[in-house]
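The block underneath contains the structure these notes are about, expressed in structure tokens.
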There are 2 protein chains.
Amino acid sequence: MAAKRPTVTIKEVAEAAGVHFSTVSRALSPATRARVNPAIVARVEETARRLGYRANTAASSLRTRRSHMVGLVVPDLASLLFPAILNGIEHTLQEQGYLTIVADTANDPERHRRILSAMVERQVDGLILASAMLHDAVLDEWLDGPAPIVLINRTDDSGRAPAVLSDDLRGIGLAMEHLAGLGHVRIGHVAGPQTLSTGATRRRGFAAAGAALGRRALPVAEAASFSREAGRLACAALLDAHPATTAVVAANDLLALGCYDALTARGLACPGDVSVTGYNDLPLMDLVDPPLTTVRFRHRDMGAEAARLLLARMAGQETAGDVLLRPELVLRGSTAPPSAAVGRGGAGPAAGGRRSPPRARR
Amino acid sequence: MAAKRPTVTIKEVAEAAGVHFSTVSRALSPATRARVNPAIVARVEETARRLGYRANTAASSLRTRRSHMVGLVVPDLASLLFPAILNGIEHTLQEQGYLTIVADTANDPERHRRILSAMVERQVDGLILASAMLHDAVLDEWLDGPAPIVLINRTDDSGRAPAVLSDDLRGIGLAMEHLAGLGHVRIGHVAGPQTLSTGATRRRGFAAAGAALGRRALPVAEAASFSREAGRLACAALLDAHPATTAVVAANDLLALGCYDALTARGLACPGDVSVTGYNDLPLMDLVDPPLTTVRFRHRDMGAEAARLLLARMAGQETAGDVLLRPELVLRGSTAPPSAAVGRGGAGPAAGGRRSPPRARR
DNA sequence: ATGGGTTTTGCAAACGTTTGCTGACACAAA
DNA sequence: TTTGTGTCAGCAAACGTTTGCAAAACCCAT
């Protein structure tokens, strides 16, 4: 099958079907199909199929100024957060005939610039950015560009582009209420980088929820990045400064895993000695040890929602402001009531210290 | 900044710089830059920058028949295997000035068809497919197409497209040797779908390694898909048929996690009663309980290698056959010498049955 | 000065579509 | 028969580049 294909164009189809090539164009495009005699439409379609005609989108987007492609820019493709988001974006765009170009900035602004430039040159009809910083110079350069922009997961502080976000204030609130409900009083926060909206907002949420519970000035340690290692360091710092801490709210799951490491390193058990909560509910968080209590929002929905928002904007519609996804708390094994013990301090690297007590899973 | 941009073209730059527009084209393209007076190049570049000129790739690829885009097709974006692979692909392509379009077939052949069609219409210069089936009709249709194809992670049986693969025979062999070395004799295989090369090859590897150890006809249970649930079912079937099994080699990590579930369900401990190995070393496999002994290959390298292969083919070079990545065994907590106990059979749903013994991590 | 050779620039024709206009034709009403 | 009203197909001009070809400009040696 599949005869060697020396690119057949609309003109060759026209010749074979015995009509003018403009008629072929009209016959093949859903929008104009109605304007041509049904008999001819049928004939043209049949010839096109027979010759193996494939439209050349480069030509058509040159003429129409629409490429039916959108660009997705992420800070780190390898993160476990993106597969589901990307999946949501890609599916809803695909349904509308759009293809998705994705690129990874590796957190490098220069690279970010180059990528956006390359995408715009490819005439993308719109952009979804998961790469926004809180004060984002790169973003500024493109807000007036030809392609509408939607932010996802993170936002910037200009408010000039609509964003699809988890409702972090509420999400962190849920975690705090849960811990307070268990009886925790000495709660600390391992915050994410304050240059990112997620880091900053969750920290604000932590302070606000603390205040609501009548506890001002709960301790916070800021991690240098959203990574397990940074979480370990920040948690260690937190525990050094506040050894009596019985619960830590981590700004995301990776940081929470780092907290596990820090606890293990000083022979503390989770949740026996210290409870830990995460944020995001990454895949497999139900399988780590102990299974992580964390705040979930539907990643796939976040992607789909961003895609829908972008589709609306590309269609020229004005859109209301940001979209906040409702978070929910998922209870697992990393949180428990505080133990009576007080004044711990011993460091020793006890292996296995953080095994959770047996508990039913799921 | 960023003045509202009403698309400035090469002609406007030409007028502003006082030269013919063809000169601008030559001045701006690295390949032809040498053919124009350096002073003019400088002037043109400066004016282009000043006016905020952005090349229109649609126009240039119409003329040159090169889009500098490649398509990547995966069966399931949400899988934990792809982020790293995609990362590898995207990075090495980006370095060469290519952008990556990715799409998800959701394992639907019709969708697969539409995606390939859409990508080819967008004039992609090449395709990387992670979606190949062993007998793949969809693939057949495109092998003679205009875009060179490279297969990744899976291959088909036609051998017509080069593939970048893990050396599964060797990888499974490593797992088998490890288990045999621990003293296991009654080893079973939870195989993946035999419609996929990974499923089929790993099964062959299992049989071959078994034979090499002097054990013919070791039991195999075939999972319906590469998923945790399918792994649970297959493992349960395996244990029903062969209750004395002391080790199971799963065809990938998800299946291995399903094996954990099956063991837990019948009150067996891993690795106390049954050892389990996986394949792929997905992220967080060091954190599940027990940490999974598995076969690793460098996912990112796989992506990078496929990209390089495609780059070569797009440059018109003939390439040697497939690329096999060397797998390595990573030893963790899910394997141990077989216990003396024999003739187990009790089913009871004992919670916590599969906790591993305390052991140092990393 | 003249001529030969080498850069450097301008000209214009593609590349494959879409789409506003015009013209051809058919049919119905006058 | 003429006129009017539609429907449908053809014509040709874009869209923004790249690039072969040829003219022009320059440099140097004669």
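Just so it is clear: chains get the letters A, B, ... in the order the sequence lines come, proteins before strands, and each one is counted from 1.
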Item to check | B/Leu325 versus B/Arg298, closest heavy-atom pair with distance | outcome: CD2-O, 3.7 Å

Checklist entry - Heavy-atom contacts under 4.0 Å between residues 24-33 of chain A and DNA chain C, which residues? => result A/Ser25, A/Arg26

Next on the checklist: Tell me which residues in residues 36-50 of chain B lie within less than 4.0 Å of DNA chain D, going by non-hydrogen atoms.
Outcome noted: none

Checklist outcome for this item: Of B/Leu62 and B/Ser22, the one whose nearest nucleotide on DNA chain D sits closer to the 5' end is B/Leu62

Next on the checklist: Once you apply a heavy-atom cut-off of 4.0 Å, does B/Arg65 come out as touching a base, just sugar-phosphate, or nothing?
Outcome noted: sugar-phosphate

Checklist entry - Which part of the nucleic acid, if any, lies within reach of A/Ser60 when heavy atoms closer than 4.0 Å are counted: base, sugar-phosphate only, or nothing? => result sugar-phosphate

Item to check | Partner set under ring-ring contact (aromatic ring centres under 6.0 Å, His included) for A/His91, not counting sequence neighbours | outcome: none

Item to check | Least distance between heavy atoms, B/Pro162 atom then B/Gly321 atom | outcome: CB-O, 4.1 Å

Checklist entry - Listed by chain and number, what are the side chain to side chain donor-acceptor pair (under 3.5 Å) partners of A/Ser117, not counting sequence neighbours? => result B/Arg54

Next on the checklist: By the salt bridge (charged side-chain N to carboxylate O under 4.0 Å, His left out) test, which pairs, at least two apart or in different chains, include something from residues 306-321 of chain A?
Outcome noted: A/Glu305-A/Arg308

Item to check | Covered region of DNA chain D, 5' end to 3' end, by chain A [heavy atoms, under 4.0 Å] | outcome: D/dC8 to D/dG16

Checklist outcome for this item: In terms of heavy-atom contacts, A/Gln94 and B/Asp104 come closest through NE2-O, 3.6 Å

Checklist entry - Do B/Ser29 side-chain atoms and B/Ser25 backbone N/O form a donor-acceptor pair below 3.5 Å? => result no

Checklist entry - Can you list every salt bridge (charged side-chain N to carboxylate O under 4.0 Å, His left out) pair that touches residues 8-22 of chain B, not counting sequence neighbours? => result none

Checklist entry - Hey, which of these two, B/Ala34 or A/Ala59, hits DNA chain C nearer its 5' end, going by closest nucleotide? => result B/Ala34

For residues 145-155 of chain A, please give each side-chain donor-acceptor pair under 3.5 Å, one per line with the distance, not counting sequence neighbours.
| unit_1 | atom_1 | unit_2 | atom_2 | d |
| --- | --- | --- | --- | --- |
| A/Arg154 | NH1 | A/Ala132 | O | 3.3 |

Item to check | Partner residues of B/Arg33 under the side chain to side chain donor-acceptor pair (under 3.5 Å) criterion, sequence neighbours left out | outcome: B/Glu45

Checklist entry - Where along nucleotides 22-27 of chain C does protein come under 4.0 Å, by heavy atom, of base (B) or sugar-phosphate alone (S), with - for untouched nucleotides? => result ------

Item to check | Pairs involving residues 20-60 of chain A, ordered by first then second residue, that meet ring-ring contact (aromatic ring centres under 6.0 Å, His included) (sequence neighbours left out) | outcome: none

Item to check | Residues that A/His299 engages under ring-ring contact (aromatic ring centres under 6.0 Å, His included), provided they are two or more places apart | outcome: A/Phe297

Checklist entry - Is the backbone N or O of B/His68 less than 3.5 Å from a side-chain atom of B/Asp125, with the two atoms forming a donor-acceptor pair by type? => result yes

